Every structure is written in structure tokens, then in C-alpha cells.
Amino acid sequence: MGSEALDKGYEPLTVEARWYNYWEEKQLFAACEENGKRSYSIVIPPPNVTGVLHMGHALNVTLQDILCRYKRLRGYNVLWMPGTDHAGIATQNVVEKKMAQEGLDRHRLGREKFVQAVWEWRREYGSAIINQLKRLGASCDWARERFTMDEGLSKAVRKVFVDLYNEGLIYRGSYIINWCPRCRTALADLEVEHEELEGNLYYIRYPFAKKKGGVVIAATRPETMLGDTAVAVNPDDERYRNTEADMLILPIVDREIPLIRDKYVDMLFGTGALKITPAHDPHDFEIGRAHHLSSIKVIGDDGKMTADAGALFEGLDRFKCREKVLKALEEKGLLEKIEPYRHSVGHCYRCKTIVEPNLSTQWFVSVKPLAKKAIAAVKNGDTRIIPGMWESTYFEWMNNIKDWCISRQIWWGHQIPAWTCERCNEMVVGMEAPDNCPVCGGDRLVQESDVLDTWFSSALWPFSTMGWPDETLLLRLFYPTSALVTGFDILFFWVARMMMMGIHFMGDVPFKDVYVHALVRDEEGKKMSKSKGNVIDPLTVIESYGTDAFRFTLAAFAAQGRDIKMSEKRVEGYRHFVNKLWNAARFTLMHISEGYEEIPRNDLSIPDRWILSRLKETTSNVVEALDAYRFNEAAGTLYKFVWHEFCDWYLEAVKPTLYGRKGPDRQKAAKSVLGRVLRDTLVLLHPFMPFVTEEIWHKLPGTKGSIMETVFPSDHPGAALMVYDEEAESEMNLIISVITGIRNIRGEMNIAPSRSLNATAQTKDEAIKETLNRYAEIVKDLAGLQSFSVGEPGERPKSAATAIIEGATIFVSMEGVIDFAREADRLQKEIDKLGGELRTVSKKLRNEDFLSKAPADVVEKVREKHRVFIEKQQKLQSNLERIRELNS
RNA sequence: GGGCGGGUAGCUCAGUUGGGAGAGCAUCGGCCUUACAAGCCGAGGGUCACAGGUUCAAGCCCUGUUCCGCCUACCA
């Protein structure tokens with residue numbers, strides 16, 4: 001394509017839609033199944049089908065997209081596997097709510113029809129989140145999109161379940177689990193959110209059966225007393241020495257229960273006596289087992305009291321029941337006292353209802369053996385967790401891992417592949433429904449109604465999405481995946497479980513790197529939540545500022561180990577950056593008309609060589625930063641390069657050349673360098689800002705096709721010519737410091753930019769003289785001078801302000817405008833500033849220990865600095881004296 | 001209770017083997033200079049939470065204190 005003019009401002013919205021469609025049509029996101037390139041793969045953390053895009057997704061997906069686009073440019077065959085998660089409880093809740101509005105409920109509908117309705121819901125709304133990911137520019141291989149309930153993934157789930165069952169790692173049994181009375185399902189320990197609440201500690205007297213007095217227990221959930229089957233005290237507790245054979249009367253219920261001894265009881269807590277309710281507390285359950293106590297379930301699965309709670313309470317809500325029990329106890333005079341007590345209470349992570357520990361028959365995975373291998377894989381470096389601090393968190397959890405309750409009493413999900421024979425009660429676990437009972441031959445087998453925890457299927461995601469249990473080419477090419485990018489909030493839920501399953505079933509870790517990124521919070525650092533009303537919608541941000549600005553903001557703030565506080569103001573700042581790039585391109589395109597042509601180094605000016613050297617350094621820094629997942633550093637480097645090196649200095653410095661004032665040869669060279677730098681800059685920026693870079697790319701002469709198909713600057717055939725150019729760097733720094741010195745005088749002395757000044761530089765250094773003479777034009781242009789001369793140290797111009805730079809003194813002649821007092825103040829200020837620095841440096845050089853113990857190069861550096869400071873100070877001082885003379 | 005992270009400019013934060021305290025935004029002053037006022041030029045501003053220690057040298061390493069945040073846990 002040829003050179004075209006750009007509009008004055010960048011308009012993101014129209015551009016974005018156009019290029020996204022273009023990429024999809026050209027299938028630039030597709031992984032190749034038959035090429036010899038190195039593989040790079042990432043599986044997306046599948047968002048809930050019910051989800052709407054939030055800041056967490058935006059950050060997560062942006063970082064993955066940066067990696068994938070970067071790796072493609074580096075020549076990798078990239079697979080970014082997308083998809084969604086069926087989110088059992090959440091989805092079921094959503095569909096049930098919708099049904100409720102239509103006056104329907106799932107029980108009336110029946111299981112089969114309900115599940116069908118969920119599928120319909122998914123067909124209609126399930127792609128919402130996917131479309132939102134596309135707005136972010138996500139370059140996933142959409143043709144391979146997966147869903148955890150797909151046939152293939154479901155087969156993987158069944159296979160894993162059956163294998164683990166046969167290996168004895170999945171078992172079924174009756175234990176205390178976390179029960180959500182609202183969702184009416186069991187929850188895994190992880191799915192319970194603990195929150196500190198103000199409660200009470202109720203002291204209740206349990207009278208002795210056969211003598212006066214009684215034992216006082218302390219309880220936070222007095223309603224559970226209805227299911228007590230014992231009271232326990234510590235065997236060493238002196239207070240309860242003489243009560244050995246005693247039985248107690250359970251108040252209200254009037255049941256006789258034993259007083260037992262168990263070391264578990266803490267003598268220092270409460271009264272040292274603990275009521276035992278084996279059906280409603282995990283400890284009590286263990287103690288009950290050890291002492292062969294019976295379990296009485298008094299709170300039902302609906303959160304209401306059961307018949308076993310007694311006629312008085314049956315059908316009562318558990319919290320209403322608490323009040324009624326307390327009232328009854330008070331009437332009997334058995335409620336000794338009530339103390340306020342702060343304790344943590346478990347809530348359902350889906351609906352925030354207070355969770356009830358309940359005795360229930362469920363399915364569990366025995367995870368310890370799996371965890372052992374998953375710990376080893378991180379210990380020996382097969383998988384790296386970045387930043388490293390998360391490794392300790394991972395180990396901490398893995399080392400203390402408990403069996404995982406995987407059965408859920410809901411309908412939407414993978415139904416457990418276990419069947420029970422109605423005739424002989426034999427249970428069969430298998431991939432498919434058995435026709436006959438293997439024991440009695442009966443043909444009436446009923447499938448387990450429970451479904452599996454959604455995370456059970458998510459745990460298989462890195463290989464189930466690639467076709468496992470079939471041996472596919474995809475698995476061979478892309479497993480183990482290269483990196484997993486995720487938030488720490490699902491480190492245990494998901495990452496740890498994928499590690500366990502991946503190692504167990506694939507014989508290899510699911511990913512080589514796990515990059516754990518921060519959480520996006522609001523401006524005040526609070527977690528964004530709908531209830532707090534502090535949510536910033538990523539789509540709104542995109543509408544207002546454009547995707548590129550938003551993505552760049554996320555990357556720039558994605559420093560390792562710290563949460564991101566998001567505010568629209570920050571995005572606005574980076575929109576300015578997008579616009580800056582746009583205008584730099586606009587300027588460039590006004591001057592170049594052909595593609596880049598290699599120009600011999602000798603034909604290049606110092607600014608040309610300097611910007612190429614900066615480009616080289618920037619490229620290396622970006623590569624280094626991205627390879628280490630330091631996104632903020634890569635973004636910061638690019639920002640600085642584009643704005644403060646390319647725009648602020650290079651473009652300004654080459655303007656005279658571009659206008660032809662240096663002759664056609666120089667002009668040609670400058671144009672060529674300009675084009676080259678812009679082209680490489682676009683490629684470097686593309687992973688961060690895919691849309692604007694693609695848009696400019698197509699206007700750039702000499703480019704073909706999409707920017708996605710090009711080669712990264714460091715891999716380009718011409719890359720060998722890109723070197724750090726020490727000479728150019730130091731000469732350009734000299735020029736910059738001269739200009740800055742003069743500008744400083746102008747600013748401090750309040751001289752209008754429109755007023756031309758005359759300046760002269762004095763130096764003994766021939767090389768400096770050479771450089772300044774050669775680039776006097778640039779100095780004149782950028783410092784706003786009428787004339788700029790270079791000479792030997794000698795007669796100082798009258799009425800001049802002074803700038804001291806390393807190796808030279810600049811005099812800015814200010815005939816008629818000079819304010820002597822002001823100049824004296826300015827010089828004094830500089831001398832004072834320098835004095836502080838000089839003191840610290842001198843102190844070091846007077847220190848014998850420093851001179852003898854510090855490395856030679858460090859000492860030399862300090863000596864050099866000292867020399868420079870002294871020289872500068874002397875010059876400033878003599879100029880100050882002169883100004884004072886003139887002023888008097 | 002255990003674990004982890006953080007305290008650096010007015011705000012938000014960088015600071016990767018210990019050797020010149022930085023950026024963006026905000027503030028102040030000056031500019032519509034032919035890519036960009038979404039811009040340009042210049043300036044001010046910090047006991048690096050506190051107290052010790054190691055070292056020639058500490059924002060960085062060690063110990064303690066304090067404040068904030070998060071994760072995790074079965075003292076009823």
C-alpha cells in the first residue's frame with residue numbers, strides 16, 4: 001500500500017471493528033497443526049458462560065493476548081485455546097431465576113426438561129462473554145472454542161472419574177460437608193467464604209440425670225443442641241473429675257446423654273465442656289465416631305428443622321429455631337449467660353447464604369497422593385510459578401490439602417457415571433450406562449443423580465480441550481502448554497487441580513509457566529463488586545477511550561506482586577499516548593513515500609544513528625521484559641521510547657533535514673531511518689496496541705498484508721546492523737544537554753520563545769567542538785537561537801546567562817533582557833544544589849575504607865563524578881561573581 | 001492462630017545480583033513553534049513507615065516494632 005494521509009485525531013471505534021474482522025477472515029489467529037515452527041500454547045481460563053466481562057477478565061485476556069501476539073511475531077506456532085465453563089451452580093441459578101419470572105420452577109419441569117432449557121439458554125446467551133473478549137482484541141483460535149459440557153470434554157470427565165474410582169482415589173461416604181440450604185447442594189471447603197461476624201456465646205446448663213447441679217457448656221449455634229448426643233470434657237480437667245459415671249439431661253429434649261472424655265476439648269475455652277452434635281459439626285463428627293455416638297440430624301437440607309428436632313421445632317427455619325430454643329432455655333432457667341462473641345462464619349461463595357455443616361453422603365477425591373506429585377513438579381522446576389512468592393502459597397495449600405467433595409446436588413453439570421442396581425443395590429461405575437447388573441443381572445439400574453463440581457471438569461481443561469482421551473496431534477504439538485495466565489484467586493480452585501490432574505493423566509505438567517497476575521481493584525483499592533457499586537465496566541472504558549488505550553493501561557500497571565487500582569483517568573493518560581503515536585505516524589507519513597532502504601552508516605547523521613541505537617536498546621528491553629512476564633516494564637520502555645526519544649528528540653532534530661535544508665542525500669537518509677523506526681516501533685507496540693498499529697501499518701509504504709504476519713525487529717534479517725552505538729549516544733547526549741541548558745535559561749529567565757537569542761559554547765575539547773559545530777543547526781532550531789557559535793574558552797560575552805554542561809560552558813547572550821539579580825539567583829540555586837551532591841561524593845573519597853575496599857570501577861566512577869562537579873562548581877562560581885560585578 | 005504481600009513526591013506506583021531516588025497524573029510559570037493544546041518548553045516537590053544491625057556503602061540484606069491489605073484455619 002502507498003502512503004496515505006492520516007486524519008488529525010485517532011478514532012478507535014471504527015478502526016477496531018474493521019481490523020478484528022480482517023484478522024478473523026484471514027485466519028491469523030489459527031494455530032497450525034502441521035508446521036515445523038516452535039510451538040507456543042496457552043489455554044484461556046474459561047470464563048463462566050453466565051459471565052459478563054469484568055476488569056479481571058480484561059487484564060487476564062490482555063496479558064495473554066500480548067504474549068500470544070508477541071510469540072507469533074517471534075515466529076512461533078501459537079495456539080491460544082479459548083472456551084467457556086458451564087459453571088454448574090451459577091448457571092443453574094441464572095436459569096432458575098429466569099424461569100421464576102415466568103412462573104416456572106425446575107421441580108415442576110423435571111430434570112430432563114430443565115437441562116434442556118439450560119442448553120437453550122446457553123445457545124441464546126452463552127456467547128455474550130466471548131463477543132466481549134473479542135472487543136478486547138483477543139486473538140484466540142476461535143475455531144477451536146470449547147465448552148466444558150461439550151461431548152468430548154464430557155468424555156474426558158467420565159474417563160477421569162472412572163479411572164480415579166478404579167484406582168481407589170474417588171470414594172463415596174457419609175461425612176460432614178458444607179451445605180448451602182439455598183442452593184441445596186454440598187460445597188467443597190474452598191467454596192465456603194469465611195467472614196468474621198458478631199455473634200454470641202451462649203452458656204447453657206445441662207443438668208445431671210441423677211444428682212443436683214449440672215455441666216455448663218458454651219455454644220454459638222444453640223439450635224444444634226437438639227441433636228446433641230454427648231457432652232465432652234478434657235480427661236485432664238480437674239473440674240470434671242468426680243462426674244465420671246454421670247449422665248446428663250439434654251434440656252428441652254429431655255434425652256439422657258453421656259458425659260465423655262476427649263483430649264480434643266480445650267480446657268481454657270468457655271467452661272471446658274463441649275456439647276457434641278455429630279451430625280452438624282466436623283469435630284463433633286470425629287469425636288462421635290471415636291466414642292460410638294449416634295448422629296441425629298436436626299437441620300434439614302432446606303435449612304429448616306427436621307422431625308428429629310422435636311415437634312416443637314419441626315419445620316422452623318434454623319435461625320428462628322435458635323431464638324425459640326433460647327427462649328425455652330431461659331424459661332427453664334438453664335441459660336446461664338450470653339457473651340458477645342466474634343467468630344468467622346462460612347458463607348456460600350455463590351449466593352452468600354450461611355453454610356450449614358451437615359452430615360451427608362457425598363463423593364470425594366482423595367487428593368493427597370495427587371498433591372504429592374504436584375508439589376514435586378513445582379519443587380523441581382517442571383512448572384515455574386511467577387512471581388515466586390506464589391510458590392510458597394501453593395506449597396502451603398498443597399501440603400495441608402484435604403479430600404475434595406466433588407458431588408453437587410444440582411442438575412446442570414456432568415452427572416456422575418455411577419449406577420445402582422435397584423434389585424441388589426450393587427453400584428457400578430463406568431464410562432457408559434450398563435445394561436445389566438454385573439452381580440445379579442438385573443436390568444434396572446439407576447444413575448447417581450448428583451453432578452460433579454464444575455472445577456472437576458475445569459481441572460482437565462489443558463488436555464480435555466485438545467482432544468484427550470484420544471491421542472491427538474494437537475496434544476502432541478501443544479501439551480504441556482507454555483504458560484498459564486491467571487489471577488491468584490483461583491490458584492487453588494483451578495491451577496492446583498489442573499496440576500494434579502495433568503500430571504496424573506498426562507504424565508506431564510499442564511504448563512511450564514504459571515504467571516499469576518494481580519487483582520484489579522477500584523480507585524481506593526477496594527475489590528470491585530456489584531453490591532458496592534464501584535464496578536468499572538471494561539466495555540464502557542473501551543467505548544470512551546478505545547481498546548488500545550485500555551490495554552496499554554492494563555499492561556502498564558501490571559507490575560508483579562501488586563494489585564491494580566483502576567480509574568478512568570489513567571486510561572485517559574494512555575489514550576493520549578495512542579494519539580501521540582498516531583500523530584508521530586501522521587508526521588512520518590507526510591515525509592516518506594517509499595519503503596525502508598538500508599543506508600550506509602557513514603551517510604547517517606548522529607540523530608539518525610542515535611535513534612537507531614535507542615531502537616535497538618528498546619527492542620532488547622522489550623524482549624527481556626516480556627520473556628520475564630514484566631509487562632509493565634515492556635510498556636514503560638515503549639512509552640518512553642516513542643514519546644521522549646522518538647517524538648521529543650528525533651523528530652524535532654530531523655525536521656530541518658526532512659525539509660531539505662541539508663541536501664537531498666541527507667534527506668533521503670533521514671526519510672529512510674524515519675520509516676524504519678516507525679515500522680519497527682509499530683511491531684514492538686503491536687502486542688500491546690493491536691488496532692492502531694495495524695491501522696498505521698496499512699498506510700505505511702513498503703508493508704504487505706497484516707502487521708501480524710511480519711517479523712519481530714530483533715529477528716529481522718537486518719537486525720545484525722542494529723547495535724548499541726556508543727559514539728552516537730554520547731554525541732547526542734551532548735547536543736541534548738546543550739539544548740536543555742539553553743531552554744532552562746529561557747524558562748527560568750522568563751524569555752518568550754518567540755524571542756531569538758544568541759548563544760556561544762566555549763570548550764577546549766576538540767571532539768565537543770567538532771560535534772557542536774556539525775550540529776549547530778539542530779541546537780539553533782531546538783533551543784530557539786538566532787546564532788550559535790563554538791569557540792575556545794576566552795572572553796565571555798557581556799550580559800550573558802550561563803549554562804555549564806560537561807566539558808563546555810554555554811553563554812546565552814541577553815543584551816537588553818538580562819535581569820542580573822535573577823541570573824545571580826539562578827546560578828546560586830544551581831551552586832547550592834551541586835554543593836549537596838559534591839559533599840556526599842567528597843565524603844566518600846575521604847573515606848580510606850571506601851578507597852581500599854570498594855571495587856576499583858566504583859571508586860573511579862566516584863572520582864570522575866567529583867572531578868566533574870568541581871569543574872562545574874568553579875565555573876558557576878566565577879560566572880556568578882561576574883554577574884554580581886556587572887550588577888553593582 | 002498460621003502464612004503472604006505492602007508502607008518511596010500531593011495522588012497512583014516503578015525501582016531485578018547493595019554503589020547517581022525515578023515515572024505518570026496533579027501543581028506552578030511560559031507558549032496555538034507548519035505531526036499532535038489529547039500538544040510543546042521549563043520548574044518546584046521525597047528523614048524511601050519507625051528503631052536497631054551487617055557493610056567502605058542500605059529504598060534494596062538481617063532483626064524487632066507499628067500500620068494496612070489479602071489468603072488460610074475445626075477453640076465450641
Side-chain angles (χ1 to χ4, degrees), chain A residues 6 8-10 176 189-190 194 201 217-221 224 232 264-266 268-271 273-277 281-286 341 343-344 357 387 389-390 392-393 396-397 400 488-489 491-492 519 521 523 525-527 549 556-557 559-565 567 569-570 572-591 624 628 630 632-633 636 639-640 644 647-648 651-652 655 659 740 743-754 781-784 837 840-841 844 847-855 857-859 861-862 865:
Chain A
L6 297 184
K8 195 165 175 179
Y10 174 61
I176 298 283
D189 294 344
L190 264 181
H194 292 273
L201 199 54
I217 58 92
T220 52
R221 295 182 298 150
T224 61
Y264 166 77
V265 182
D266 181 356
L268 300 175
F269 189 90
T271 60
L274 171 65
K275 68 193 261 319
I276 302 296
T277 324
D281 183 281
H283 277 297
D284 294 6
F285 178 77
E286 290 303 326
Y341 184 64
H343 62 140
S344 84
M389 65 171 178
W390 292 109
S392 30
T393 310
E396 177 74 17
W397 190 71
N400 298 308
F488 58 78
D489 49 336
L491 189 61
F492 306 142
L519 239 50
R521 298 174 181 279
E523 251 173 305
K526 293 197 192 97
K527 211 166 167 173
F557 282 96
Q560 292 183 0
R562 201 192 280 237
D563 287 348
I564 298 174
K565 291 181 196 165
S567 77
K569 222 168 166 193
R570 314 231 165 129
E572 194 183 348
Y574 287 104
R575 180 182 59 171
H576 296 173
F577 177 60
V578 176
N579 195 55
K580 188 76 179 174
L581 173 73
W582 178 259
N583 275 291
R586 193 164 104 94
F587 175 82
T588 303
L589 291 171
M590 286 173 178
H591 291 95
E624 208 176 305
R630 291 198 287 260
N632 62 317
E633 212 173 286
Y639 183 97
K640 193 178 169 203
H644 299 301
C647 291
D648 284 355
L651 289 187
E652 296 303 329
K655 273 178 183 174
Y659 296 144
T740 307
R743 281 174 174 175
N744 177 293
I745 289 169
R746 190 191 282 280
E748 293 281 284
M749 307 290 283
N750 254 337
I751 300 160
S754 51
D781 272 12
L782 300 195
E837 292 178 73
T840 55
V841 173
K844 273 188 181 175
N847 186 340
E848 283 299 326
D849 284 331
F850 173 72
L851 296 173
S852 60
K853 288 179 185 165
D857 60 318
V858 172
V859 176
K861 233 161 126 184
V862 174
K865 203 188 284 177

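Quantities reported herein were computed from a predicted structural model and do not represent experimental measurements. Convention: sequence-line order gives letters A, B, ...; per-chain numbering from 1.
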| query | Taking the C1' atom of each, how far is B:G69 from B:C62, in whole Å? | reply | 25 Å

| query | When you compare B:U12 with B:G7, how far apart are their P atoms, in angstrom units rounded to a whole number? | reply | 12 Å

| note | When rounded to whole Å, the CG to P distance for the pair A:Asn632 and B:U16 reads 12 Å

| Is any side-chain nitrogen or oxygen of A:Tyr10 closer than 4.0 Å to OP1 or OP2 of B:C36? | no

| Distance in Å, A:Asp281 CG paired with A:Lys275 NZ, rounded so as to fall on 0.5 Å steps | 8.0 Å

| field | Of the listed nucleotides B:G42, B:G5, B:A76, the one nearest the side chain of A:Met389 | value | B:G5

| Using atom C1' of each nucleotide, how far apart are B:A73 and B:C67 to the nearest Å? | 24 Å

| query | Does a nitrogen or oxygen in the side chain of A:Arg586 sit under 4.0 Å from OP1 or OP2 of B:C36? | reply | yes

| note | Taking B:A35, B:C75, B:U72 as options, the one with an atom nearest any side-chain atom of A:Asp266 is B:C75

| query | How would nucleotides 24-32 of chain B be written as a contact map, 5' to 3', with B for base contact, S for sugar-phosphate-only contact and - for no contact, using protein heavy atoms under 4.0 Å? | reply | S----SSS-

| request: Evaluate side chain to side chain contact (heavy atoms under 4.5 Å, CB included) for A:Phe269 paired with A:Leu274, printing each intermediate quantity in order. | output: CA-CA 9 Å; A:Phe269 189 90; A:Leu274 171 65; over 6 Å; no

| task | Would you sort out whether A:Trp397 and A:Leu491 count as a side chain to side chain contact (heavy atoms under 4.5 Å, CB included), showing the intermediate values? | result | CA-CA 10 Å; A:Trp397 190 71; A:Leu491 189 61; over 6 Å; no

| Reckon A:Phe285 touches a base, only the sugar-phosphate, or nothing at all at heavy-atom distances under 4.0 Å? | nothing

| said: Please report the interatomic distance OG1(A:Thr840) to NZ(A:Lys865), rounded to the nearest 0.5 Å. | reply: 7.0 Å

| said: Suppose you measure atom P in B:A51 against the same atom in B:U47; what distance do you get, rounded to whole Å? | reply: 13 Å

| said: For a quick test of reading the model, state the closest non-hydrogen atom pair linking A:Ser344 to A:His194 and the distance between them. | reply: OG-ND1, 3.8 Å

| said: Show the nearest heavy-atom pair for residues A:Phe850 and A:Lys844, with the distance to one decimal. | reply: CD2-O, 3.3 Å

| task | Look through every strand shown and name the nucleotide pairing with B:C50 as Watson-Crick or G-U wobble, where both distances are under 3.5 Å. | result | B:G64

| task | With C1' as the reference atom in both, quote the distance from B:C25 to B:A14 in angstrom, rounded to an integer. | result | 14 Å

| request: Can you see which heavy atom on A:Pro357 is nearest to which on A:Ile176, and at what distance? | output: CB-CG2, 3.9 Å

| field | Distance test, side-chain N/O of A:Asn744 to OP1/OP2 of B:A43, below 4.0 Å | value | yes

| said: Mind checking if A:Glu848 touches a base, just sugar-phosphate, or nothing, with heavy atoms under 4.0 Å? | reply: nothing

| Integer angstrom distance from the C1' of B:C50 to that of B:G6 | 16 Å

| task | Give one of base, sugar-phosphate or nothing for A:Ala219, where a contact means two heavy atoms less than 4.0 Å apart. | result | sugar-phosphate

| In whole angstrom, what separates A:Asn400's CG from B:G1's C1'? | 13 Å

| note | Across every strand shown, the nucleotide meeting Watson-Crick or G-U wobble geometry with B:G1 (both distances under 3.5 Å) is B:U72

| query | Taking for each residue the nucleotide of RNA chain B bearing the nearest heavy atom, is the 5' side occupied by A:Arg575 or by A:Lys655? | reply | A:Lys655

| query | B:C40 C1' sits how many Å from A:Arg743 CZ, rounded? | reply | 9 Å

| task | Look up atom CE in A:Met590 and atom CZ in A:Arg586, then write down how far apart they are to the nearest 0.5 Å. | result | 4.0 Å

| After noting the C-alpha distance and the side-chain angles of A:Glu396 and A:Asn400, does the key distance pass the side chain to side chain contact (heavy atoms under 4.5 Å, CB included) rule? | CA-CA 7 Å; A:Glu396 177 74 17; A:Asn400 298 308; 3.7 Å; yes

| query | For A:Phe587, is the NZ or CZ atom of A:Lys655 found under 6.0 angstrom from the centre of its six-membered ring and inside 45 degrees of the ring axis? | reply | yes

| B:G42 pairs with which nucleotide, Watson-Crick or G-U wobble, both distances below 3.5 Å? | B:C28

| said: Just N and O in the side chain of A:Lys865: are any of them under 4.0 Å from OP1 or OP2 of B:G19? | reply: no

| field | Rounded distance in Å - NE2 (A:His591) to C1' (B:U34) | value | 9 Å

| Which nucleotide sits closest to the side chain of A:Arg630: B:U16, B:G42, B:A35? | B:U16

| query | What interatomic distance, in whole Å, is found between C1' of B:A37 and the corresponding atom of B:C41? | reply | 13 Å

| field | Euclidean distance, A:Asn750 CG relative to A:Ile745 CD1, rounded to 0.5 Å | value | 13.5 Å

N/O to N/O distances under 3.5 Å, protein versus nucleotides 53-59 of chain B:
from, atom 1, to, atom 2, distance (Å)
B:C56, OP1, A:Lys853, NZ, 2.8
B:C56, O2', A:Asn847, ND2, 2.9

| request: Calculate the interatomic distance between A:Arg221 atom CZ and B:C75 atom C1'; express it in whole Å. | output: 13 Å

| remark: Side-chain atoms of A:Val858 come closest, of B:A38, B:G42, B:G19, to B:G19

| message | I need the A:Tyr341 OH to A:Thr220 OG1 distance, nearest 0.5 Å. | response | 7.5 Å

| note | Closest non-hydrogen atoms of A:Ala556 and A:Tyr574, given as atom of the first, atom of the second and distance, are CB-OH, 3.4 Å

| message | Applying a 4.0 Å non-hydrogen cut-off, can you work out what A:Thr220 is touching in the nucleic acid: base, sugar-phosphate, or nothing? | response | sugar-phosphate

Under-3.5 Å N/O pairs linking protein and nucleotides 47-49 of chain B:
none

| note | Looking only at B:A73, B:A76, B:U34, the nucleotide nearest the A:Tyr659 side chain is B:U34

| request: Report the C-alpha separation of A:Leu201 and A:His343 in whole Å, then their side-chain angles, then the decisive distance to 0.1 Å, and conclude whether the side chain to side chain contact (heavy atoms under 4.5 Å, CB included) test is met. | output: CA-CA 10 Å; A:Leu201 199 54; A:His343 62 140; over 6 Å; no

| field | Value in whole Å for how far the P atom of B:G42 lies from CD of A:Glu652 | value | 11 Å

| query | Say you pick atom P in B:C4 and the same atom in B:A76; how far apart are they, in whole Å? | reply | 24 Å

| task | Give a yes/no on whether any side-chain N or O of A:Lys640 is located under 4.0 angstrom from OP1 or OP2 of B:A14. | result | no

| Separation between CZ of A:Arg575 and CH2 of A:Trp582, rounded to the nearest 0.5 Å | 14.5 Å

| field | Length of the line joining A:His194:NE2 and B:A76:P, which is rounded to integer Å | value | 11 Å

| request: Give the rounded distance in Å between these two atoms: CZ of A:Phe492 and C1' of B:U72. | output: 7 Å

